[in-house]
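Per chain, numbering begins at 1; letters A, B, ... match sequence-line order.
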Protein chains: 2
Amino acid sequence: MVKTLRESAKEMTAAATARLRHAGLRPTRQRVELASLLFKTCDRHVTAESLHDEVSDAGVKVSLATVYNTLHQFTQAGLLRQVIVDSSRSYFDTNTGDHQHFFLESEGMLIDIPGETIAVAGVPAPPPGLAVDRVDVVVRVRRS
Amino acid sequence: MVKTLRESAKEMTAAATARLRHAGLRPTRQRVELASLLFKTCDRHVTAESLHDEVSDAGVKVSLATVYNTLHQFTQAGLLRQVIVDSSRSYFDTNTGDHQHFFLESEGMLIDIPGETIAVAGVPAPPPGLAVDRVDVVVRVRRS
DNA sequence: CAACGGGATTAGAACGATTCTAAACTATGA
DNA sequence: TCATAGTTTAGAATCGTTCTAATCCCGTTG
Ligand SMILES: [Mn+2]
Ligand SMILES: [Mn+2]
Ligand SMILES: [Zn+2]
Ligand SMILES: [Zn+2]
């Protein structure tokens, strides 16, 4: 039961299509290509630019605007989550579960820290009228 | 020993001038004005825009470029620190000590959480070749 | 106190990331 | 196959920020 490259590609396309349908998104050529790249491996962190470069390098024609649209749609559908670590670029994370990050600013690199690893204690109650949405921990690192 | 407004202003100017000198920065009219506003009260969180509006509303003429320059110079001098909570705007904090923040995204509002309040345990060692620079905790809140 | 020299300020252009517009295209269901 | 609403896209626009290069001014010197 050895699979050819073409067979694997077909399976990924099918999986991506199913995932999109399940999320209520039309499985267009562009979305299927992007979903295949994003979810082929686990725990990816991409920017619109990096994903656009990746899909372009794979010989697939998708506009940058569509990459932006798709990243936002995937995020709204719960397939991605946004990670805020840089004041001039948006990162998107294929790991939507509870976890934290190392961030190496000089390279724009994010590394996952599993959710149970870090414990945050003593978060005070927010001021009246406000409710906690989430608690983000970013461990900023540098080359040493 | 009641002080007139003019006397208070003169004292603030003197304090700001001293602070700038101590940081190795020439006390220009613009820097003194900005430092006076920033350090008149404690624990402020500003953006370049908000500070520019504030100084403009006070009737002082300072260009936006100078506000940007000054915020960066003050940060380098250790008078301010940058807070990264938004992927499209930079915030600067007059509290340079160890502390954390509530962030109300819908209003771009930051609220301090004193440094001893939150305890972060279990931060893993970074991958080889990397060293921890700082650990940031952001408690994202919403109206409720 | 006038001149000088280098840092500081500024208007306006440039930039990079992102969003918008509106026209062309396509997935889907009848 | 057709109609329709959703999708894609090139290019323009926007927004926060940085850059450029001309002008200005703080602090020192003579
Ligand atoms: Mn590209
Ligand atoms: Mn303004
Ligand atoms: Zn992650
Ligand atoms: Zn603060």
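Within residues 77-87 of chain A, no residue approaches DNA chain C, by heavy-atom distance under 4.0 Å.
Counting heavy-atom neighbours within 6.0 Å of B/Gln76 CD, excluding the residue itself, gives a total of 12 or less.
If you check C/dT9, D/dC26, D/dT9 against the side chain of B/Asn69, the one that comes closest is C/dT9. You'll find that the side chain of A/His72 is closest to C/dT19, out of D/dG27, C/dT10, C/dT19. Comparing C/dT18, D/dT17, C/dT10 by their closest approach to the side chain of B/Ser63 singles out C/dT10. Out of D/dG27, D/dT17, D/dA10, the shortest distance to the side chain of B/Arg21 is found at D/dG27.
Each salt bridge (Lys or Arg N to Asp or Glu O under 4.0 Å) pair with one or both residues in residues 19-32 of chain A, not counting sequence neighbours, would appear here, but there are none. The stretch residues 92-122 of chain A participates, sequence neighbours left out, in these ring-ring contact (aromatic ring centres under 6.0 Å, His included) pairs: A/His45-A/His101, A/His72-A/Phe92, A/Tyr91-A/Phe103, A/His99-A/His101. Legend: ring-ring contact (aromatic ring centres under 6.0 Å, His included) pairs involving residues 118-144 of chain A, not counting sequence neighbours: none detected. Within the structure, no pair that satisfies the ring-ring contact (aromatic ring centres under 6.0 Å, His included) test touches residues 113-144 of chain B, not counting sequence neighbours.
For B/Thr28 and D/dC26, the shortest distance from a side-chain N or O to OP1 or OP2 is not below 4.0 Å.
Residues meeting the salt bridge (charged side-chain N to carboxylate O under 4.0 Å, His left out) test with B/Arg134, sequence neighbours left out: B/Asp136. For A/Glu105, there are no side-chain hydrogen bond (donor to acceptor under 3.5 Å, both in side chains) partners two or more places apart in sequence or in a different chain. Considering only residues two or more places apart in sequence or on other chains, B/Ser88 meets the side-chain contact (heavy atoms from CB on, under 4.5 Å) condition with B/Asp86. Take B/Ala131 and apply the side-chain contact (heavy atoms from CB on, under 4.5 Å) test, not counting sequence neighbours, and it matches A/Arg142, A/Ser144.
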Would you list the protein and nucleotides 5-7 of chain C atom pairs, both N or O, that sit under 3.5 Å from each other?
from  : atom 1 : to      : atom 2 : distance (Å)
C/dG6 : N2     : B/Arg26 : NH1    : 3.4
C/dG7 : O4'    : B/Arg26 : NH2    : 3.3

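Between B/Gln100 and B/Thr117, the side chains place no donor N or O within less than 3.5 Å of an acceptor N or O (distance only, hydrogens not considered).
Heavy-atom nearest nucleotides on DNA chain D were determined for A/Thr70 and for B/Tyr68, and the one closer to the 5' end corresponds to A/Thr70.
Rounded to 10°, the angle separating the first-five-pair axis and the last-five-pair axis of the helix from C/dC1-D/dG30 to C/dA30-D/dT1 equals 10°.
Rounded to an integer number of Å, the gap from CG of B/Leu64 to P of D/dG16 is 10 Å. Whole-Å rounding puts the A/Leu25 CG to C/dT26 C1' distance at 16 Å.
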Distance-only criterion, 3.5 Å: show the donor-acceptor pairs between side-chain atoms of residues 64-71 of chain B and protein atoms not counting sequence neighbours.
from    : atom 1 : to      : atom 2 : distance (Å)
B/Thr66 : OG1    : B/Ser63 : OG     : 3.1
B/Asn69 : ND2    : B/Ala65 : O      : 3.4
B/Thr70 : OG1    : B/Thr66 : O      : 2.7

